[in-house]
Amino acid sequence: MKLSPRDQQIFTAVMSMYCNGEGQPVPSSKIAKQKGMAVCSATVRNAMARLEKVGLLCSPYTSAGRMPTAQGFKYWLDEYFDLPDIANYWQPEQSQLVELAHSLSQKYQVCCCVGLPQASSQLIFRVEVLGFDSSSWLVLLIDRTGQSQNILIDKPDAETDAQRYQFAAWMNTVFSQQPLKEGLQRMFAMANSAPKTCMAQLTQWTSQLHQQLGSDNCILLGERYLYNELESDKELNLGVTFLHDVEDKLAFKNGVSLVMGDELSNFDLTKTVILSLPYFENGEYQSRFCVICSTSAPIESIIEEFSRVST
């Protein structure tokens with residue numbers, strides 16, 4: 001779609017004024033008074049009518065100002081922002097993910113849904129097995145940075161400290177310097193070398209580790225802001241399923257991407273925008289960082305925050 005320079009200027013003004021946290025239709029008189037516009041209200045109204053005709057703007061009722069359509073949002077972000085180049089192949093630490101989610105949620109009062117790094121690619125440096133309670137051991141699978149996957153497994157019958165130490169030594173042999181995914185496979189392959197006192201539980205432990213390490217996880221922040229904007233008491237059930245739906249929509253598209261809320265049929269997210277950014281570890285795709293906000297949110301400012309993300 002090719003717009004004239006004047007129509008581009010007026011369209012951009014509508015988008016900036018609408019996405020200011022209020023989400024009110026923008027009147028022509030307000031645009032005409034904007035600094036640097038140098039046009040009268042009639043000229044602005046004519047431009048708005050053209051923009052409405054091509055589907056970029058709409059009017060909620062007669063004599064109202066104009067507001068962007070879903071097509072208008074997509075056109076604005078595609079034409080005026082280099083979204084695919086923002087945070088291209090972003091490879092953050094988990095602490096960066098959490099810190100950014102907290103910052104965006106509090107600063108702009110938006111909801112952030114972030115998939116946590118996939119455990120299967122984490123390289124294990126050492127394993128510790130601790131007594132947890134009367135029925136469980138706590139297995140710590142620790143990487144070189146000190147981050148760990150903490151998993152509870154059932155104790156064997158008549159458990160002793162010596163037995164726990166033997167199992168910990170065997171787990172270190174199996175997992176040391178191996179990715180979690182490879183370590184789990186080695187547990188099956190090396191089962192015959194496990195301490196005899198642990199043999200009875202080994203199949204169960206392997207199953208427990210697979211189940212807990214293979215489960216997806218995410219963090220969700222600022223959900224109350226989203227509920228306030230939607231003015232709905234309906235449970236949204238945002239989380240891993242939501243991230244999967246966004247990924248299916250974007251098909252591993254890199255950089256920042258836009259999804260309109262009503263494009264996700266499994267969620268009642270009308271009048272919302274999802275800004276989504278994939279992240280990687282050692283060049284391998286991990287999950288997505290999503291900001292879910294109302295269409296009136298300060299989208300430009302949020303995109304600027306993404307553009308400052310370290311790659």
Side-chain angles (χ1 to χ4, degrees), residues 1-61 63-87 103-112 222 225-226 228-230 255-263 269-277 290-309:
M1 188 182 301
K2 190 69 174 178
L3 301 180
S4 69
R6 176 169 290 172
D7 286 359
Q8 286 182 3
Q9 185 183 27
I10 291 172
F11 175 67
T12 303
V14 172
M15 296 303 303
S16 295
M17 291 182 181
Y18 182 82
C19 298
N20 62 357
E22 298 178 5
Q24 297 298 316
V26 181
S28 57
S29 58
K30 188 174 182 179
I31 291 180
K33 293 176 183 178
Q34 191 177 32
K35 184 178 179 181
M37 191 59 66
V39 292
C40 65
S41 294
T43 300
V44 176
R45 282 196 297 273
N46 289 335
M48 284 179 159
R50 289 192 294 272
L51 293 167
E52 186 171 4
K53 188 174 182 179
V54 297
L56 299 182
L57 299 181
C58 66
S59 179
Y61 50 87
S63 300
R66 301 303 200 281
M67 55 194 293
T69 62
Q71 182 183 351
F73 270 102
K74 291 187 174 183
Y75 178 81
W76 178 52
L77 292 173
D78 287 342
E79 291 294 319
Y80 297 91
F81 301 88
D82 294 324
L83 296 185
D85 296 329
I86 297 176
S103 175
L104 291 177
S105 178
Q106 294 175 7
K107 187 174 182 179
Y108 300 106
Q109 297 189 345
V110 296
C111 179
C112 293
Y225 299 130
L226 186 59
N228 290 340
E229 289 289 345
L230 295 175
V256 176
S257 299
L258 167 75
V259 177
M260 300 304 296
D262 54 13
E263 293 182 71
L269 291 172
T270 56
K271 296 183 180 180
T272 64
V273 172
I274 297 107
L275 296 171
S276 181
L277 174 64
C290 293
V291 175
I292 313 157
C293 56
S294 73
T295 53
S296 63
I299 294 172
E300 287 183 88
S301 297
I302 295 171
I303 291 174
E304 287 176 7
E305 298 276 359
F306 277 134
S307 69
R308 289 193 286 267
V309 169

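- In plain terms, the two heavy atoms of Leu269 and Ile292 that are nearest each other are CD2-CG2, 4.5 Å.
- Here the CZ atom belonging to Arg308 is positioned 12.0 Å from the CD1 atom belonging to Ile303, to the nearest 0.5 angstrom.
- Side-chain contact check for Val14 versus Leu56: every heavy-atom pair is 4.5 Å or farther apart.
- Across all their heavy atoms, Ile299 and Leu275 have their closest contact at CG2-CD1, 4.1 Å.
- Shown here are the ring pair (Phe, Tyr, Trp, His ring centres under 6.0 Å) partners of Phe73, two or more places apart in sequence or in another chain: there are none.
- With sequence neighbours excluded, the residues forming a side-chain hydrogen bond (donor to acceptor under 3.5 Å, both in side chains) with Glu300 are Ser16, listed by chain and number.
- Counting only residues at least two apart or in different chains, salt bridge (charged side-chain N to carboxylate O under 4.0 Å, His left out) contacts with residues 74-85 comprise Lys74-Glu263.
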Please test Ile274 against Val291 for side-chain contact (heavy atoms from CB on, under 4.5 Å), starting from the C-alpha separation and ending with a verdict.
CA-CA 6 Å; Ile274 297 107; Val291 175; over 6 Å; no
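- Taken from OH in Tyr108 to SG in Cys293, the straight-line distance is 11.0 Å, to the nearest 0.5 Å.
- In terms of heavy-atom proximity, Thr69 sits nearest to Gly55 at OG1-O, 2.6 Å.
- Residues meeting the side chain to side chain contact (heavy atoms under 4.5 Å, CB included) test with Ser105, sequence neighbours left out: Cys112, Leu221, Tyr225.
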Do any side-chain atoms of residues 46-53 form donor-acceptor pairs under 3.5 angstrom with protein atoms, and if so which ones, sequence neighbours left out?
from	atom 1	to	atom 2	distance (Å)
Asn46	ND2	Ala42	O	3.4
Arg50	NE	Asp7	OD2	3.0
Arg50	NH2	Asp7	OD1	2.8
Glu52	OE1	Arg66	NE	2.8
Glu52	OE1	Arg66	NH2	3.2

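- Residue Cys40 holds its SG atom at 7.5 Å from CZ of Arg45, rounded to the nearest 0.5 Å.
- How far CD1 of Ile302 is from NZ of Lys107: 10.0 Å, rounded to the nearest 0.5 Å.
- One finds the NZ atom of Lys33 at 7.5 Å from the OG atom of Ser41 (value rounded to the nearest 0.5 Å).
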Assess whether side-chain contact (heavy atoms from CB on, under 4.5 Å) is satisfied between Phe306 and Leu83, documenting all intermediate values.
CA-CA 10 Å; Phe306 277 134; Leu83 296 185; over 6 Å; no
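- Minimum heavy-atom separation, Val44 to Ile10: CA-CD1, 3.9 Å.
- In terms of the ring pair (Phe, Tyr, Trp, His ring centres under 6.0 Å) criterion, residue partners of Phe81 (sequence neighbours excluded) are, by chain and number, Trp76.
- For the pair Met67/Val26, no side-chain contact is recorded, criterion being any heavy-atom separation below 4.5 Å from C-beta on.
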